[in-house]
Amino acid sequence: MSELLELRGVGKRFPGVVALDDVDFTVRAGEIHALLGENGAGKSTLIKVLTGVYPADEGEFRLGGASIRPGSPRAAEELGISTVYQEVNLVPSLSVAENITLGRQPGRAGLLNWRAIRRRARAALARLELDCDVDAELGALSVAHQQMVAIARALDTRARLLILDEPTASLDEHEVAELFKIMRQLRADGLGIVFVTHFLDQVYAVTDRLTVLRNGARVGEFATAGLPRLELVGRMLGREVSAAEFAAQGAASPADHAAPPVLATHGLGRRGAVAPFDLSLRGGEVVGLGGLLGSGRTETARLLFGLDRADSGTISVHGAPCRIDSPREAVRLGLAFCSEDRKAEGLLPNLSVRENLLIAQQGRRGALRALTRAEQEQLCAHYIAALQIKTPDPETPVKNLSGGNQQKVLLARWLATQPAVIILDEPTRGIDVGAKQEIEQLIAGLRADGLAVLFISSEIDEVVRNCSRVLVLRERRLTGEIADGDLTADHLMHLMAGTHE
Amino acid sequence: MKVRSPLLWPLAGFVALLLLNAVFNPAFLKITLLDGHLYGVPVDILVQGSRTMLVALGMTLVIATGGIDLSVGSVVAIAGAVCAVLLQDGHGLALTLVAAVGAGVLAGSANGLLVARLGVQPIVATLILMVAGRGVAQLLVDGQVIIIASAPFEFLANGFVLGLPLAPLLVAAAYVSAHLLLRRTALGLFVEAVGDNEQASRFAGLAAARIKTLAYVFCGACAGGAGILTAANIRAADAYRAGENMELDAIFAVVVGGTALTGGRFLILGTAIGALLIQTLTTTMYNLGVPPAVAPVPKALLIIGVALLQSERTTRWLRGLAGRKEAA
Amino acid sequence: MKVRSPLLWPLAGFVALLLLNAVFNPAFLKITLLDGHLYGVPVDILVQGSRTMLVALGMTLVIATGGIDLSVGSVVAIAGAVCAVLLQDGHGLALTLVAAVGAGVLAGSANGLLVARLGVQPIVATLILMVAGRGVAQLLVDGQVIIIASAPFEFLANGFVLGLPLAPLLVAAAYVSAHLLLRRTALGLFVEAVGDNEQASRFAGLAAARIKTLAYVFCGACAGGAGILTAANIRAADAYRAGENMELDAIFAVVVGGTALTGGRFLILGTAIGALLIQTLTTTMYNLGVPPAVAPVPKALLIIGVALLQSERTTRWLRGLAGRKEAA
Amino acid sequence: DRQVKIGFAQTGAESAWRTANTNSMKGEAAKRGFDLKFADGQGKQENQIRAIRSFVAQRVDVIVLAPIVETGWDPVLREARRAGIPVILTDRTIQTADESLYACFIGSDFYEEGRMAADWLARKVNGQGAIVELQGTPGSAPANERRRAFADAIAKHPGLKIIDSQSGDFRRAGGKEVMEAFLKKHGRAIRIVYAHNDDMALGAAQAIEEAGLKPGTDIILVSIDAIREAVQAVVDGRLNCTVECNPLFGPKVYDIIGPLIRKEPVPKKSYNKDELFDATNAAAVIAQREY
Ligand SMILES: Nc1ncnc2c1ncn2[C@@H]1O[C@H](COP(=O)(O)OP(=O)(O)OP(=O)(O)O)[C@@H](O)[C@H]1O
Ligand SMILES: Nc1ncnc2c1ncn2[C@@H]1O[C@H](COP(=O)(O)OP(=O)(O)OP(=O)(O)O)[C@@H](O)[C@H]1O
Ligand SMILES: [Mg+2]
Ligand SMILES: [Mg+2]
């Protein structure tokens with residue numbers, strides 16, 4: 001097989017960080033090549049350097065044998081490299097169709113042909129079996145749908161090399177399956193595909209070979225089939241891992257049903273968002289919220305956290321009825337909500353890791369009771385160590401961290417408020433295997449400490465592993481609950497899809 | 001719930017103003033024929049408003065890219081000065097017009113260079129030319145108000161064709177061409193994409209810097225055109241006052257017309273309505289004899305009113321009120 | 001590579017200007033004692049610059065929240081008018097000062113309400129008061145320039161304490177208190193968070209609207225204070241001209257001082273340096289005898305220079321050049 | 001007989017001078033029982049054009065126009081002529097090919113004001129002395145004219161030299177700031193200050209006092225406008241001379257209206273009488289100064 005892409009000795013330094021250090025990377029035509037590594041290993045940076053987002057400090061790039069050095073994503077695209085970047089990078093106020101065809105609208109002599117544009121967008125979405133109005137404004141879609149649109153866009157071009165940086169982080173199984181179908185088909189057509197993911201199942205399901213990065217350096221290149229899972233994890237983490245460490249944890253022990261609920265709702269709902277529902281969370285239990293994409297999980301969380309105003313029902317915390325009409329009020333009552341959209345709703349990009357970490361706690365204390373510098377530093381040191389956040393130092397702007405590490409900072413922000421109830425919306429999105437393990441342990445720890453956790457994840461296994469009970473949402477309505485012994489992936493899937501009869 | 005057209009509120013304001021005037025002064029809407037051309041207050045509004053409309057057209061694009069151009073007033077003064085100097089030296093009309101628009105293009109390129117290539121913030125970058133540009137205009141005319149004695153030149157601003165005023169026709173032509181250019185090609189889309197999310201646009205392969213530069217150049221050209229009309233209207237180049245405060249009126253027109261200052265989606269038809277609305281308001285104040293110290297207030301109130309009605313937060317709040325009433 | 005302090009460039013510009021002056025006119029930096037107080041050009045710069053410094057202090061916070069306040073000039077006029085009217089009516093100094101700052105607070109609250117609660121874009125919201133505010137000031141003084149004949153009032157702007165000019169001392173005190181208030185409490189952090197990502201701040205439990213409103217109120221209070229100093233400086237309230245163009249100078253000072261107009265991180269020390277830099281430049285123009293018509297040009301050039309040096313893109317470009325040279 | 005209807009298109013309310021001008025026109029009209037229709041142009045010519053049209057429509061007897069700019073008036077003035085309404089220009093003149101479009105012009109002569117100031121000064125200091133000039137807003141008509149006239153007039157006196165000139169923007173604060181800089185730069189070399197308006201002169205006087213000198217004695221101050229505060233300063237000896245730029249056009253304008261309506265000939269160009277106030281006459285007039 002021919003070498004499609006060859007990178008030799010690529011290096012890239014940011015202030016205080018060596019992001020890439022003498023990296024070699026090869027992709028053949030007609031293969032799916034996984035690019036793996038921990039959060040902050042340098043995967044995204046490698047991709048950005050290759051596609052001209054940043055200039056490389058050193059290194060040689062060859063595509064199809066010819067030396068290339070694209071100066072911008074546009075130049076890369078013209079060379080036949082089509083990329084889906086890690087953070088969804090589309091234009092929110094444009095329509096789906098406009099986003100998919102942006103910069104390469106069909107039409108004659110520069111004149112737009114709207115029918116062709118829509119047709120093309122619809123075709124691109126149809127390949128992913130995505131049913132979605134091409135005239136809808138992109139910003140109104142859920143993160144997952146936006147991600148699918150971004151993928152559709154990347155597929156809608158004749159490329160030789162397709163790069164997908166964590167495209168599956170916010171997708172559920174159905175969409176992932178569709179994506180894989182297309183990836184295999186493209187592979188058969190002779191494309192080279194670079195695939196970044198933190199889901200090892202997906203690596204084994206679809207890739208031919210893989211390259212592992214650690215701390216910006218290449219660990220090695222392997223044939224996927226020849227590398228056992230544990231060894232792969234070991235290569236990524238740089239240490240021996242035992243099978244026990246990664247065995248599925250037993251379902252969490254059931255909570256004490258006699259204990260009064262920390263958070264309870266009665267008939268809480270909002271027209272057009274979620275039908276009225278009853279829910280009660282007890283201290284020391286992890287409750288899952290299951291559902292397909294767009295089933296209303298996020299909107300339920302928003303309602304609980306006072307981001308949207310409920311138009312019916314009541315809510316009580318520690319048995320006392322209360323009104324939650326702003327996040328500020330929610331935080332004051334001991335709630336915490338780690339949003340799924342970390343870029344828009346989570347990060348303060350230009351502020352430091354330290355400030356991002358303590359902002360919620362400081363907000364809860366109020367402006368006048370400022371944390372002292374020593375307290376702040378202690379807090380940072382604690383959480384940076386506890387969550388193994390990879391950052392040159394706490395004063396680095398958080399936008400310079402890798403995606404997974406940003407996610408950890410946000411988790412830390414909420415843990416620092418020492419909440420009674422924490423709502424985690426896709427908390428493990430984009431987090432590497434090691435860290436996922438740590439976060440799951442953390443959740444177990446929180447439960448042991450008596451917190452109530454509301455856990456939302458598109459990964460069914462993760463839900464089953466971590467939760468003692470799962471509430472199932474379908475079409476914005478709470479349709480069922482499974483607990484304890486009944487809680488299996490199969491059963492849950494049927495409930496979510498509404499096919500359990 | 002159907003999404004309402006963003007043109008609704010400015011249009012409603014426009015109609016309301018016309019009605020208000022017509023009630024207080026029935027002669028307001030009367031149009032007569034005088035010397036074979038139309039004559040009346042609505043004609044005045046169109047003629048006087050045409051300059052702001054032209055400047056606001058360019059401003060719309062700049063604002064859509066997420067920028068702002070404060071230098072348009074100075075560019076109007078420069079273009080007028082160029083016209084006066086060239087006509088005085090006996091150059092032809094065609095050359096004069098090209099040179100005046102060219103001066104605008106040059107100014108726009110300077111702004112574009114600073115903003116798009118060198119990353120200076122638009123307010124700062126264009127303030128420079130706003131401040132320094134008037135000096136340039138004064139240097140051109142040597143601090144004097146130069147009288148222009150060219151009938152064809154004056155005709156551009158004050159002439160009538162088939163009984164219709166020429167200046168609004170020219171500006172309307174500019175709007176139609178801009179609309180076709182922006183909406184029939186992908187240019188308009190590119191501008192909106194860059195204004196909404198510059199980084200994503202770059203990732204999507206758009207030449208963001210070039211698109212932004214183009215917007216500023218276009219805005220400069222429009223301001224140059226408005227400079228021609230202004231000089232032709234008063235048959236003189238007044239480097240000291242021409243185009244004063246025009247950036248404010250243009251920005252108002254754009255905002256009232258429904259284009260957000262944060263960039264992204266733009267509505268050139270809205271801008272045209274916005275400019276007419278502002279002009280009508282000025283005329284109205286006049287007609288109703290509002291005392292001078294109070295005169296800016298209704299204008300301010302109108303603008304805030306439209307801005308409020310367009311703000312999502314207010315809409316939500318109003319809807320909340322309505323909802324509560326429904327529930328009761 | 002060490003990250004350079006953002007104060008570097010404005011400071012360098014300041015020092016360069018002082019040197020330039022000292023070379024052309026050795027008397028420039030001379031400070032003498034006159035009637036027991038300091039006397040010299042640097043003292044003038046401090047006294048004259050103190051008003052812009054005060055306005056720019058408030059503007060810094062507003063800009064840090066991602067907004068802008070164009071109404072400060074009008075607020076200066078209003079506060080001056082309030083002082084004149086109250087002192088004329090024989091009210092005490094304390095009441096007068098409180099009322100003047102109170103007027104500023106009121107204006108700031110109006111701006112804050114529009115921007116933070118009703119979601120009107122800052123440029124539009126504050127333009128309203130910019131336009132209408134001067135009318136209010138004129139109504140207050142009934143169109144007259146009112147002379148203020150209160151020695152203690154004048155002392156605020158022109159007095160000396162222990163040989164040092166009082167006005168800069170007062171403004172310095174304002175800066176120090178603001179610094180303590182913002183940095184010893186978490187207020188500064190909250191302002192930066194809201195300016196950096198308003199939505200995320202709200203998600204993190206901050207009262208974003210309240211924080212923004214506070215910034216506008218503070219800015220109004222600063223403008224009110226500057227209005228007092230302005231009126232005291234010339235012993236008169238000039239509703240027509242007081243505070244004219246002050247919003248531009250203040251915005252320049254903030255930008256030159258290293259606070260980005262996009263909001264987020266702010267540097268009040270940088271703002272102080274920026275304001276002094278601009279005042280020094282004005283004084284330099286007088287000193288070098290630059291003709292008035294040309295005077296805005298160097299100012300514009302300086303601002304663009306500093307803005308360029310602070311722009312990341314330029315830095316990258318310069319570094320690229322340097323790199324190529326190194327490589328060669 | 002019938003009440004006289006007058007339409008007055010004012011430029012705006014940009015300064016205290018303008019306000020005094022407006023008040024004079026309004027007050028005098030009330031005194032004489034005229035029906036004055038007042039329109040404020042808010043600094044824009046188009047507003048004034050529109051105002052004139054509405055005056056024509058209302059069939060006023062006379063239109064008074066204080067033009068904001070010098071050109072672009074022909075079409076609307078032709079409309080007024082067609083309606084048979086005479087137009088009086090005040091304050092500033094216009095540029096037109098057809099002088100018959102207006103009946104007469106009554107104005108302030110900025111050039112004459114500058115010349116009067118220079119002549120008074122030459123006499124006062126015997127044609128000797130170093131002058132600093134505080135200019136008005138660069139490019140504005142009064143600043144241009146007053147600068148030109150002063151320069152022309154002192155050219156006859158080789159001993160009078162302008163050693164520095166900066167713009168104080170017609171503002172008190174501007175005059176003070178520029179004067180402070182001049183004092184540091186030239187020190188005691190400055191003998192004379194010529195300010196294009198009183199506001200700047202009063203600001204400069206303050207700067208001079210703060211520099212430990214006596215304005216009017218150590219440094220001679222000459223300015224233009226003669227606002228009441230400045231005349232008072234002349235009385236107090238802080239200012240040496242101020243040339244009037246009289247905003248009180250009311251009487252002069254209305255005096256001419258009678259003959260105009262009766263179609264009697266009136267002088268095409270006349271100037272509002274501008275006096276000069278110095279130590280000799282200031283005290284006598286201060287009580288009657290209206291603004
Ligand atoms: N713009 C930047 N400025 C400074 N440092 C950066 C920047 N971008 C990335 N880094 C640093 O480079 C390193 C590699 O980051 P990169 O985003 O490539 O990681 P990644 O492997 O994609 O991780 P993840 O799995 O979390 O997405 C990290 O330490 C990160 O902090
Ligand atoms: N701001 C919004 N405006 C309009 N529609 C929205 C908005 N946010 C979400 N939606 C739509 O509401 C539906 C429910 O979204 P929600 O995010 O609650 O689902 P979810 O079950 O959490 O799915 P996900 O896995 O994407 O988080 C989706 O179809 C989404 O497109
Ligand atoms: Mg990454
Ligand atoms: Mg969700």
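The chains referred to below are lettered A, B, ... by the order of the sequence lines, with proteins before strands, and numbering in each begins at 1. Please read these numbers as outputs of a predicted model, since none were measured by experiment.
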Worksheet item: Are C/Asn158 and D/Gln206 close enough that some pair of their side-chain heavy atoms sits under 4.5 Å apart?
Response: yes
Worksheet item: Who pairs with D/Tyr254 by ring-ring contact (aromatic ring centres under 6.0 Å, His included), at least two apart in sequence or on another chain?
Response: D/Phe34
Worksheet item: With a 4.5 angstrom heavy-atom cut-off, which part of C/Ala236 approaches chain D: side chain, backbone, both or neither?
Response: side chain
Worksheet item: Could you give the distance from CD1 (D/Ile227) to CD1 (C/Ile147), rounded to the nearest 0.5 Å?
Response: 6.5 Å
Worksheet item: Around C/Leu33, counting heavy atoms of other residues, nucleotides and ligands shown, do more than 12 lie under 6.0 Å from its CG?
Response: yes
Item to complete: Please confirm whether the backbone N or O of C/Ile234 pairs with a side-chain atom of D/Lys176, one donor and one acceptor, at under 3.5 Å?
Response: no
Discussion item. So, taking the atom named NZ in D/Lys185 and the one named OG1 in C/Thr283, what distance separates them when rounded to the nearest 0.5 Å?
Written reply: 11.5 Å
Item to complete: Report the option among C/Glu244, C/Met285, C/Arg134 that has the most heavy-atom pairs separated by less than 4.5 Å from atoms of chain D.
Response: C/Glu244
Worksheet entry | Working for side-chain contact (heavy atoms from CB on, under 4.5 Å), residues C/Val47 and D/Glu180 | CA-CA 11 Å; C/Val47 174; D/Glu180 282 176 359; 5.7 Å; no
Item to complete: Find the one option among D/Arg18, D/His186, D/Glu177, D/Gln135 whose heavy-atom pairs under 4.5 Å with chain C are most numerous.
Response: D/Glu177
Practice prompt. Looking only at non-hydrogen atoms, find the nearest pair between D/Asp164 and C/Tyr286 and report the distance.
Written response: OD2-O, 4.3 Å
Fill in: Under 4.5 Å from a heavy atom of chain C, the part of D/Glu229 involved
side chain
Worksheet item: ring-ring contact (aromatic ring centres under 6.0 Å, His included) with D/Phe170: which residues, sequence neighbours excluded?
Response: none
Fill in: Residue selection (most heavy-atom pairs with chain C, distance under 4.5 Å) from D/Gly187, D/Ala173, D/Gly203, D/Ala211
D/Ala211
Discussion item. Can you tell me which portion of D/Ala207 sits under 4.5 Å from chain C's heavy atoms? Options are side chain, backbone, both or neither.
Written reply: neither
Worksheet entry | CZ (D/Arg148) with more than 12 external heavy atoms under 6.0 Å | yes
Discussion item. Run the ring-ring contact (aromatic ring centres under 6.0 Å, His included) test against C/Phe160 and tell me which residues pass, sequence neighbours left out.
Written reply: C/His37
Discussion item. Quick check on the structure: residues of residues 220-233 of chain C within a heavy-atom distance below 4.5 Å of chain D, by number.
Written reply: C/Asn233
Discussion item. Looking only at heavy atoms and a cut-off of under 4.5 Å, which of C/Asn287, C/Val141, C/Ile45, C/Thr282 has the most pairs with chain D?
Written reply: C/Asn287
Discussion item. Within the structure provided, determine whether C/Tyr39 and D/Glu210 are in side-chain contact (heavy-atom separation under 4.5 Å).
Written reply: no
Fill in: Electrostatic pair C/Arg241:D/Asp199 at N-O distance under 4.0 angstrom
no
Item to complete: Just do the salt bridge (Lys or Arg N to Asp or Glu O under 4.0 Å) check on D/Arg171 and C/Asp238 with the steps written out, would you?
Response: CA-CA 9 Å; D/Arg171 281 194 285 188; C/Asp238 182 353; over 6 Å; no
Fill in: D/Glu209 portion near chain C, given a 4.5 angstrom heavy-atom threshold
side chain
